[in-house]
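Have a look at the structure below before the remarks.
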Amino acid sequence: MAVYTEVSDAALAEFLAAYDIGTLLSCKGIAEGVENSNFFLHTTGGSFILTLYEKRVREEDLPFFVGLMDHLAKAGLACPQPIRDRGGTALGRLCGRPAALVSFLEGVSLSSPGPEHCREVGVALARLHAAGRDFPMVRANNLSVASWRPLFEQAGGQADSVAPGLTERTLADLAVLEAGWPQGLPGGVIHADLFTDNVFFIGDDLSGLIDFYFACTDAFAYDLAVCLNAWCFDALGAFHREMATAMIAGYESERPLEPAEVEALPILCRGAALRFMLTRLVDWLNVPPGALVRPKDPLEYDRRLTFHRRARSAADYGRAA
């Protein structure tokens with residue numbers, strides 16, 4: 001989350017007049033993340049998140065995201081529910097941007113999760129995959145392997161200015177991943193961005209999943225690979241095996257991995273790490289002037305890739321044989 005577009009009091013009042021959510025009491029920009037402009041609203045009718053969609057979010061994809069959150073919430077998954085205006089519409093426009101209101105979820109994201117939290121995330125991820133199986137809409141993953149080389153080209157030859165040798169390492173990873181990316185794995189709706197700041201806990205209990213704006217149709221095991229990268233490494237690139245073991249066990253308590261998924265886990269983890277290194281690299285090099293945003297460090301994922309290049313099997317990620 002971030003704030004790229006400032007919203008005037010008058011524009012916000014006009015937008016909210018279409019909703020039955022009470023009188024606005026406060027509005028605060030949310031500075032975390034890098035994708036959309038987000039605001040926390042408190043009204044006499046409750047608390048809400050207002051999102052203005054920017055950057056990589058295509059307007060034609062918004063019905064998928066809104067429909068998916070509705071579907072998952074109705075299936076019992078704890079996730080934001082879109083708020084519809086008096087005309088029954090969940091998508092509007094504000095300051096020239098597509099915009100939506102969603103319900104606010106209680107809980108906090110964890111800065112130092114442990115194995116027990118990773119297990120809860122694994123369980124929740126498998127339940128998300130199950131809940132999305134009968135969702136009728138399809139959205140291709142536009143940040144999968146075919147997009148990675150074009151993303152790297154957006155860095156404009158500046159990768160080595162971020163870290164010496166980054167260009168050479170990235171080109172080598174791209175060659176391996178493009179040649180060996182697995183096909184035909186079990187799939188359906190995935191979250192594709194389930195980082196620590198997109199999962200809320202109350203105490204040790206998982207209370208909600210948020211930020212579905214990268215959700216798409218892809219391999220379930222790739223979604224697990226994203227989570228292993230996001231939760232089971234520290235900022236210096238050290239892998240925490242006990243956390244990965246707990247996450248995979250939690251996932252498989254709900255949905256056992258098929259043999260092909262187990263075999264593919266190392267390359268999926270390597271690909272997920274490269275995907276986030278590349279999008280962070282592009283963001284790092286292209287922060288809009290004046291944006292209230294803190295770009296995330298692409299080198300965190302460059303360091304994770306050192307581990308993935310050595311991994312040979314799912315056992316390296318703590319999955320019991």
Side-chain angles (χ1 to χ4, degrees), residues 32-35 109-115 117-118 121-122 143-145 147-149 151-178 180-181 191-199 214 221-248 264-287 293-319:
E32 289 79 8
V34 294
E35 294 303 327
S109 57
L110 301 177
S111 58
S112 299
H117 304 115
C118 289
V121 172
L143 286 171
S144 190
V145 60
S147 74
W148 297 340
R149 191 173 293 273
L151 265 174
F152 187 53
E153 291 169 355
Q154 288 182 38
Q158 300 180 72
D160 285 356
S161 71
V162 178
L166 186 57
T167 296
E168 182 180 0
R169 292 192 295 277
T170 302
L171 290 173
D173 287 327
L174 283 169
V176 170
L177 294 166
E178 289 169 343
W181 194 246
H191 186 284
D193 193 40
L194 203 58
F195 279 62
T196 55
D197 53 356
N198 290 333
V199 182
F214 288 106
Y222 175 73
D223 216 10
L224 180 59
V226 170
C227 290
L228 289 168
N229 272 287
W231 290 78
C232 304
F233 290 81
D234 64 27
L236 298 178
F239 175 64
H240 296 280
R241 184 184 181 92
E242 70 282 6
M243 295 174 69
T245 297
M247 178 174 286
I248 294 170
L265 196 60
I267 195 168
L268 293 172
C269 285
R270 186 172 178 178
L274 186 67
R275 172 264 190 258
F276 285 99
M277 192 283 287
L278 289 171
T279 50
R280 287 183 175 201
L281 178 64
V282 171
D283 289 337
W284 188 268
L285 295 170
N286 295 281
V287 178
V293 60
R294 293 192 293 271
K296 294 183 178 179
D297 183 3
L299 299 184
E300 286 189 15
Y301 275 81
D302 183 45
R303 292 187 282 271
R304 285 164 172 75
L305 280 160
T306 301
F307 176 89
H308 297 312
R309 293 181 192 115
R310 297 194 302 261
R312 292 295 177 264
S313 74
D316 293 316
Y317 295 91
R319 191 206 185 247

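Below, each value reflects all heavy atoms present in this structure, side chains not excepted, and no hydrogens, waters or symmetry copies. Along the sequence shown, the residues carry numbers beginning at 1.
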**OP:** Salt-bridge test for D283 and K296: reply yes if a basic N is under 4.0 Å from a carboxylate O, no otherwise.
**Re:** no

Would you call [X] and [Y] a side-chain contact if the rule is heavy atoms closer than 4.5 Å?
X: D302; Y: V162; answer: no
X: L224; Y: M247; answer: yes
X: F239; Y: D234; answer: no
X: R241; Y: T245; answer: yes
X: L281; Y: T170; answer: no
X: N229; Y: H308; answer: yes
X: V145; Y: R275; answer: no
X: S144; Y: Y222; answer: no

Is it the case that the side chain of [X] and the backbone of [Y] share a donor-acceptor pair, with hydrogens and angles ignored and the cut-off at 3.5 Å?
X: D316; Y: S313; answer: yes
X: S109; Y: D197; answer: no
X: R303; Y: A235; answer: yes
X: H191; Y: D193; answer: yes
X: W148; Y: L143; answer: yes
X: R149; Y: S147; answer: no

Original post:
Do other residues, nucleotides or ligands put more than 12 heavy atoms under 6.0 Å from E178 CD?
Top reply: yes

Original post:
Is the Lys NZ or Arg CZ of R304 less than 6.0 Å from the centre of Y301's six-membered ring, within 45° of the axis?
Top reply: yes

Looking only at non-hydrogen atoms, find the nearest pair between [X] and [Y] and report the distance.
X: L228; Y: F233; result: O-CD1, 3.6 Å
X: A246; Y: P115; result: CB-O, 3.2 Å
X: A192; Y: F276; result: O-CZ, 3.6 Å
X: I248; Y: Y317; result: CD1-O, 3.6 Å
X: P266; Y: A311; result: CB-O, 4.2 Å
X: G180; Y: I267; result: O-CD1, 3.2 Å

Going from [atom1] on [X] to [atom2] on [Y], what distance comes out if it is rounded to the nearest 0.5 angstrom?
X: T306; Y: R270; atom1: OG1; atom2: CZ; answer: 10.0 Å
X: L171; Y: D173; atom1: CG; atom2: CG; answer: 9.0 Å
X: L236; Y: L299; atom1: CG; atom2: CG; answer: 11.5 Å
X: L166; Y: Q158; atom1: CG; atom2: CD; answer: 11.5 Å

Subject >> Derivation and outcome, side-chain contact (heavy atoms from CB on, under 4.5 Å), residues V226 and L194 >> reply: CA-CA 7 Å; V226 170; L194 203 58; 5.7 Å; no

